[in-house]
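The residues of the chain are indexed from 1 along the displayed sequence. All ligand and atom numbering here is 1-based and tracks the order in the structure.
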Amino acid sequence: MNSNRIPEPSPHVAAFERMGFGMFIHWGLYSQLGRGEWVMNIDRIPKAEYHKLKDTFTAEDFDAKTIASVAKKAGMKYIVLTTRHHDGFSLYDTRGLSDYDAPHSPAGRDLIAEFVDGCREEGIVPFFYHTTIDWYQESYQEDFNAYLDYLIKSVEVLCKHYGQIGGFWFDGNWDKPLADWREDELYGMIRKYQPEAIIVNNSGLHQRGEYGHPEIDSVTFEQGQPTPLDRRGKSKYVAAEMCQTINNHWGYGLKDFQTKSVKQLIETICVCRKVGANYLLNIGPTGSGMVDSLQKFLLETMGIWVHMYEEAIYGVTPSGIQGVGADFALKGDNGKLYFFVHDLGSNGHSNVTVGGGGIGPRAFTGLKDSIRSVKWLDNGESLPFVQNQDVDLFSFYASGYPYGMDFVVRVAEADIA
Ligand code: GLC
């Protein structure tokens with residue numbers, strides 16, 4: 001067997017890659033404080049005091065269908081929600097494993113049951129984030145094996161009671177890198193109940209793109225630029241996903257004004273798709289479970305862009321075609337090529353239009369197919385091109401945005417002969 005062979009993705013991994021864009025949600029007791037999900041640990045809040053947040057957790061504004069509809073408008077295909085985060089509080093009914101869960105709070109509901117229903121109504125695939133660290137269970141520090149029994153049983157509850165789940169997204173093994181986390185047992189149990197589920201275990205900020213256990217289906221790039229995976233000679237095809245905060249916190253950040261711009265969000269999804277990675281963009285709902293207007297506005301605006309170019313975002317794979325600067329192309333499952341053009345100027349009038357510099361020919365290398373036609377995907381305007389395959393030359397004329405528009409990155413579709 002050729003050791004440089006690239007393995008074929010399994011159907012569920014291929015389907016995951018093609019979803020392209022997902023919503024991450026960090027929501028829990030900590031959201032009531034509005035200072036991120038690590039607040040208990042970083043502010044050294046004693047357990048007894050932190051525990052009181054359970055008594056005020058009403059989830060009164062949590063409407064899963066509304067959140068799923070925001071994700072859908074943003075062009076996201078899946079949502080990963082924190083079923084339990086490091087503080088140990090579960091949004092689901094742990095069915096007797098613990099009373100530190102949503103049904104035992106004033107919310108009195110199984111919020112994960114609502115979540116999966118809300119997603120399904122909107123055609124969004126639900127995924128479960130689950131912590132592996134636990135700041136609440138004493139066994140985490142004192143009797144690690146007893147803790148792992150509890151963890152595995154907790155995940156079993158999630159496997160058995162909520163129908164088919166898109167995947168499980170674990171996070172925290174980086175806290176005890178040398179421990180035996182009994183991953184064979186955990187993942188084996190998941191495969192038994194949820195054979196199609198994507199299994200992710202976040203490798204953490206300092207190990208971006210690390211492979212990990214053989215059952216893992218996707219590597220993670222936390223808060224960073226994803227790099228292309230070298231899959232030659234690997235025993236299994238693994239997907240990639242880049243998760244990122246919309247400001248600088250995962251959990252609700254009431255005083256975090258470092259919100260990304262629509263431009264940054266658009267450029268970032270392009271960086272991810274260029275290397276075949278999914279973009280998992282996080283929001284932090286408020287303590288009562290609402291998506292605030294700023295986050296909602298950013299997602300919905302980005303969604304206009306995503307929906308405009310959807311053929312080029314989902315169902316695409318890297319092509320090896322590279323332009324100048326940030327420009328690149330993707331190959332669609334439909335056989336077409338999609339060219340991503342950055343810093344394009346807009347047409348107009350010399351007294352009013354700024355930044356016209358990018359209008360003109362755009363050159364790309366690495367094309368294997370001969371091109372038949374090129375057009376802007378947003379308005380169908382056809383674009384003149386030249387190609388000479390002998391010298392790997394391909395260039396099309398990138399006419400500017402019509403006056404009144406600037407999409408940050410503009411996509412051209414090419415038919416191949
Ligand atoms: C880090 C943080 C955690 C967050 C995760 C998301 O691991 O510890 O709070 O949930 O990143 O990727």
Q: Can you name the residues that form a salt bridge (Lys or Arg N to Asp or Glu O under 4.0 Å) with Glu222, not counting sequence neighbours?
A: none
Q: Answer yes or no: does an N/O atom from Trp169 fall short of 3.5 Å to an N/O atom of ligand 1?
A: no
Q: Among all protein heavy atoms, pick out the one at the shortest distance from atom 5 (C) of ligand 1; state its residue, atom name and that distance to 0.1 Å.
A: Asp171 OD2, 3.2 Å
Q: Judged on heavy-atom distance to atom 2 (C) of ligand 1, which of Phe221, Trp38, Phe24, Tyr30 sits nearest?
A: Trp38
Q: Does Asn202 approach ligand 1 within less than 4.0 angstrom via side chain, backbone, both or neither, non-hydrogen atoms only?
A: side chain
Q: What is the ring orientation for Phe364 with Phe394, classed by angle as parallel under 30°, tilted 30 to 60°, or perpendicular over 60°?
A: tilted
Q: Which protein non-hydrogen atom lies closest to atom 10 (O) of ligand 1, naming both residue and atom, and how far is it?
A: His26 NE2, 2.5 Å
Q: Heavy-atom contacts with Trp174 under 4.0 Å: which atoms of ligand 1 show up? List them by number with element.
A: 7 (O), 8 (O)
Q: Who passes salt bridge (Lys or Arg N to Asp or Glu O under 4.0 Å) against Asp43, sequence neighbours left out?
A: Arg35
Q: Fit a plane to each ring of His213 and Tyr187, take the angle between them on a 0 to 90° scale, and name the class: parallel (under 30°), tilted (30 to 60°) or perpendicular (over 60°).
A: perpendicular
Q: Among Tyr78, Phe21, Tyr314, which residue satisfies the ring pair (Phe, Tyr, Trp, His ring centres under 6.0 Å) criterion with Tyr279?
A: Phe21
Q: Mark up the atoms of ligand 1 that fall under 4.0 Å of a heavy atom belonging to Glu37, in ascending order.
A: 3 (C), 4 (C), 9 (O)
Q: Within a distance under 4.0 Å of any heavy atom of Tyr129, pick out the atoms of ligand 1 and give their elements.
A: 10 (O)
Q: Suppose I only count heavy atoms of His86 and a 4.0 Å limit; which atoms of ligand 1 are within that range?
A: 3 (C), 8 (O), 9 (O)
Q: In a check of side-chain hydrogen bond (donor to acceptor under 3.5 Å, both in side chains) between Ser90 and each of His130, His104, Arg84, His85, which one passes?
A: Arg84
Q: Measuring from the heavy atoms of His85, does anything fall under 4.0 Å of ligand 1?
A: yes
Q: Report the relative orientation of the aromatic rings in Phe16 and Phe127; use parallel for angles under 30°, tilted for 30 to 60°, perpendicular for over 60°.
A: tilted
Q: For atom 1 (C) of ligand 1, what's the nearest protein heavy atom and its distance?
A: Glu222 OE2, 3.1 Å
Q: Can you sort out which atoms of ligand 1 are near Cys243, meaning under 4.0 Å from one of its heavy atoms?
A: 12 (O)
Q: Look at the rings of Tyr140 and Phe144 and say which category their plane angle falls in: under 30° parallel, 30 to 60° tilted, over 60° perpendicular.
A: perpendicular
